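Comments concern the structure below.
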Amino acid sequence: MTFSPTPPTSGPAATAPGVNPQRRAAAAPPQTEPRGFVLYVGLDEKKARAAGIDLGRLVTELKKVTAELAPQAETHAAVALAPVGAGGRDLEVVRLAMQDPAALSRYRGDSEQTAVDEGVIVDISRKRVVLDGETAQLTYKEFELLQYLVLREGRTIDRHELISALWAEGVEHEGEVPNERTIDVHVRRLRAKLGAYEEIVRTVRGAGYRFDQHADVTVRYASTPSPDTF
């Protein structure tokens, strides 16, 4: 959720208790002035219900508190949406969905200009995988398979879900009848092309496959998050 209130320019509500206005102004870059703030709240509906509330009511209560403390403030709230089971920390999902520059930069792998000579770069924006500085020769389907797992970091994906998500459309045109063996074959080929980094695609015996955060892997997202993520 993001709130963008415009504070009053005068009166008792203009400065919060205990805040030195001169110090606050000095922290801002020259020729600028504070005009509001953004508050990110990471909380899904399940956690909200466990706390005895829902997101709609929480938004209403926060807006009410703002109105009481600063009657002249204007507020706007937006709820960040993600696919069911997408994984990731709630707060990071919200920051990315709201286009927070720092979060976007971190998830793109810091800077596009940063040279990475070792490890794996999964470049979602360019649909490519780079291994130790060399582009891996993945097929479209192999990249889609890896991307699907990466975007659902930390969640085990069963073969039926992968078939439904990646092979449901265009099967007749491709002449391929998907089944669990189809997934296993593609995973085996993908791992072969990942070489020394094949273990980033984990097998969960009897359950499926998963991707976990890995020190050797950098994921670069597009400036605008993929609709497959948010």
Side-chain angles (χ1 to χ4, degrees), residues 1-2 38 40-42 44 78-158 161-162 164-170 183 186-204 208-230:
M1 286 163 231
T2 176
V38 175
Y40 296 111
V41 178
D44 62 28
V79 176
L81 302 177
V84 175
R89 295 177 56 215
D90 291 334
L91 185 57
E92 292 305 306
V93 170
V94 174
R95 293 182 66 190
L96 283 168
M98 299 303 172
Q99 300 284 284
D100 179 90
L104 286 172
S105 176
R106 183 167 60 254
Y107 276 86
R108 282 198 302 264
D110 296 324
S111 172
E112 291 289 339
Q113 300 177 354
T114 300
V116 179
D117 296 325
E118 297 183 354
V120 181
I121 298 175
V122 181
D123 194 336
I124 303 296
S125 62
R126 292 192 173 98
K127 300 290 184 182
R128 67 173 183 170
V129 174
V130 180
L131 306 174
D132 295 333
E134 297 291 331
T135 300
Q137 300 304 309
L138 303 186
T139 65
Y140 173 80
K141 219 55 161 181
E142 289 163 355
F143 181 84
E144 289 293 300
L145 173 59
L146 179 60
Q147 174 181 258
Y148 194 87
L149 297 174
V150 167
L151 293 180
R152 289 152 185 82
E153 176 186 310
R155 182 164 74 87
T156 299
I157 312 297
D158 64 42
E161 179 176 340
L162 291 171
S164 176
L166 303 180
W167 274 265
E169 297 181 2
I183 299 299
H186 278 79
V187 169
R188 185 165 62 249
R189 291 173 180 170
L190 171 61
R191 282 176 169 160
K193 293 181 180 181
L194 291 174
Y197 301 103
E198 63 176 352
E199 292 304 317
I200 67 173
V201 177
R202 292 183 50 202
T203 298
V204 180
Y209 299 99
R210 68 185 288 151
F211 170 84
D212 290 313
Q213 189 174 31
H214 197 287
D216 292 327
V217 180
T218 299
V219 181
R220 288 182 177 170
Y221 295 84
S223 296
T224 301
S226 165
D228 190 30
T229 316
F230 306 105

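Quick caveat: nothing in here was measured; it's all calculated off a predicted structure. Sequence positions, counted from 1, serve as the residue numbers for this chain.
The shortest non-hydrogen separation linking Gln147 to Lys127 is OE1-NZ, 3.0 Å. The two residues Thr203 and Tyr209 make their nearest non-hydrogen contact at OG1-CE2, 3.3 Å. Contact between Phe211 and Val217 at its shortest, heavy atoms only, is CZ-CG1, 3.8 Å.
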>> Is there a side chain to side chain contact (heavy atoms under 4.5 Å, CB included) between Val122 and Arg220? Walk through the geometry before answering.
In response: CA-CA 6 Å; Val122 181; Arg220 288 182 177 170; over 6 Å; no
>> Evaluate Val130 against Asp123 for side chain to side chain contact (heavy atoms under 4.5 Å, CB included), listing each step before the verdict.
In response: CA-CA 8 Å; Val130 180; Asp123 194 336; 5.8 Å; no
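In this view, Arg188 and Val185 satisfy the side chain to side chain contact (heavy atoms under 4.5 Å, CB included) rule, not counting sequence neighbours. With sequence neighbours left out, the side-chain hydrogen bond (donor to acceptor under 3.5 Å, both in side chains) criterion links Glu142 to Thr139, Lys193. Arg210 pairs by the side-chain hydrogen bond (donor to acceptor under 3.5 Å, both in side chains) definition with Thr156, Asp212, not counting sequence neighbours. Applying the side-chain hydrogen bond (donor to acceptor under 3.5 Å, both in side chains) test to Thr135 and every residue at least two apart in sequence or in another chain returns nothing.
Distance check: Tyr140 OH to Leu166 CG gives 8.5 Å after rounding to the nearest 0.5 Å. Here Leu131 contributes atom CG and Gln137 contributes atom CD; the two are 10.0 Å apart, rounded to the nearest 0.5 Å. To the nearest 0.5 Å, atoms NE2 (His214) and CZ (Arg202) are separated by 10.0 Å. Within the model, atoms CD1 of Ile183 and CD1 of Ile157 stand 11.5 Å from one another, a figure rounded to the nearest 0.5 Å.
When side chains are defined from C-beta on, Val120 does not count as touching Thr218, because their heavy atoms never get closer than 4.5 Å. Taking the side chain as every heavy atom from C-beta outward, Val187 and Arg191 approach each other to under 4.5 Å. Looking at heavy atoms from C-beta onward, Val94 lies out of side-chain contact with Val41 at the 4.5 angstrom threshold.
The only member of Leu149, Leu145, Ile200, Val129 that meets side chain to side chain contact (heavy atoms under 4.5 Å, CB included) when paired with Leu190 is Leu145.
Under the 4.0 Å criterion applied to side-chain N and carboxylate O atoms, Glu144 and Lys141 are not assigned as salt-bridge partners.
With no hydrogens or angles considered, a side-chain donor-acceptor pair links Tyr197 and Asp132 at under 3.5 Å.
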